[in-house]
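Reckoned from all heavy atoms, side chains included, excluding hydrogens, waters and symmetry mates.
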Amino acid sequence: MPYCLVCGNASSLASSKFPPSSDTANAPPYGLLGNFNEDGTLETMECQGASLDDAQEAFERPHQYFDICPVCGSQEIRW
């Protein structure tokens, strides 16, 4: 199960590989956010800056894409 070593967040992780969809003040801070269930399985994704092909690739290989905690900003993620 993936989780942040700093804050313990295990419910969602973001990808630093995709920039946000826009630079406005109300834009989401990450281009791709993954929501994980209690088993650590990627359940849903919020795709705001990645293409559908990139999102599919991230869904198939989440450990290669989701590398940052959206709660505290840490990149210390344990898989």
Side-chain angles (χ1 to χ4, degrees):
M1 174 164 81
Y3 66 95
C4 175
L5 293 171
V6 174
C7 72
N9 169 38
S11 61
S12 65
L13 294 174
S15 178
S16 63
K17 298 180 188 302
F18 306 106
S21 57
S22 68
D23 293 332
T24 63
N26 291 332
Y30 302 104
L32 188 63
L33 186 73
N35 301 304
F36 295 81
N37 64 19
E38 297 84 30
D39 298 335
T41 304
L42 181 57
E43 202 165 60
T44 61
M45 292 190 304
E46 298 173 30
C47 182
Q48 305 268 338
S51 70
L52 290 178
D53 288 338
D54 289 336
Q56 179 65 37
E57 181 81 18
F59 191 80
E60 293 171 2
R61 293 187 247 320
H63 62 283
Q64 293 179 353
Y65 285 86
F66 296 102
D67 60 351
I68 191 166
C69 176
V71 175
C72 71
S74 171
Q75 289 189 309
E76 295 183 45
I77 305 300
R78 164 96 22 105
W79 279 88

Open item on the list: For D39 versus M1, what's the shortest heavy-atom pair and its separation?
Closed with: O-CB, 4.3 Å

- [ ] Classify the angle between the aromatic ring planes of F66 and F36 as parallel (below 30°), tilted (30 to 60°) or perpendicular (above 60°).
- [x] perpendicular

TODO: Please collect all salt bridge (Lys or Arg N to Asp or Glu O under 4.0 Å) contacts where either partner lies in residues 61-70, sequence neighbours excluded, each pair once.
DONE: E57-R61

Task: Heavy-atom pair with the smallest gap, counting every atom of S15 and I68 - done: N-CG2, 4.1 Å

Open item on the list: Is it true that, when you exclude E38 itself, more than 12 heavy atoms of the residues, nucleotides or ligands shown sit nearer than 6.0 Å to its CD?
Closed with: no

Open item on the list: Under a 3.5 Å cutoff, is there a donor and acceptor pairing between the side chains of N35 and T44?
Closed with: yes

Open item on the list: If you define the side chain from C-beta out and look only at heavy atoms, does anything of N9 sit under 4.5 Å from Y3?
Closed with: no

Open item on the list: Could you report the tightest heavy-atom contact between M45 and A55, atom names first, then the distance?
Closed with: CE-O, 3.1 Å

- [ ] Determine whether L13 and I77 make a side-chain contact, defined as any pair of heavy atoms from C-beta on separated by less than 4.5 Å.
- [x] yes

TODO: Quick one: pull up CH2 in W79 and CD in Q64 and give me the separation to the nearest 0.5 Å.
DONE: 10.0 Å

Open item on the list: So C7 and S74, do their side chains get closer than 4.5 Å, heavy atoms only?
Closed with: no

Open item on the list: side-chain contact (heavy atoms from CB on, under 4.5 Å), that's the test. Do C4 and E76 meet it? Break it down for me.
Closed with: CA-CA 6 Å; C4 175; E76 295 183 45; 5.7 Å; no

Task: Check: P2 and P62 side chains under 4.5 Å, non-hydrogen atoms - done: no

Open item on the list: Minimum heavy-atom separation for Y30 and G73, please, with both atom names.
Closed with: OH-CA, 4.4 Å

Open item on the list: Is the shortest side-chain heavy-atom distance between L33 and P70 below 4.5 Å?
Closed with: yes

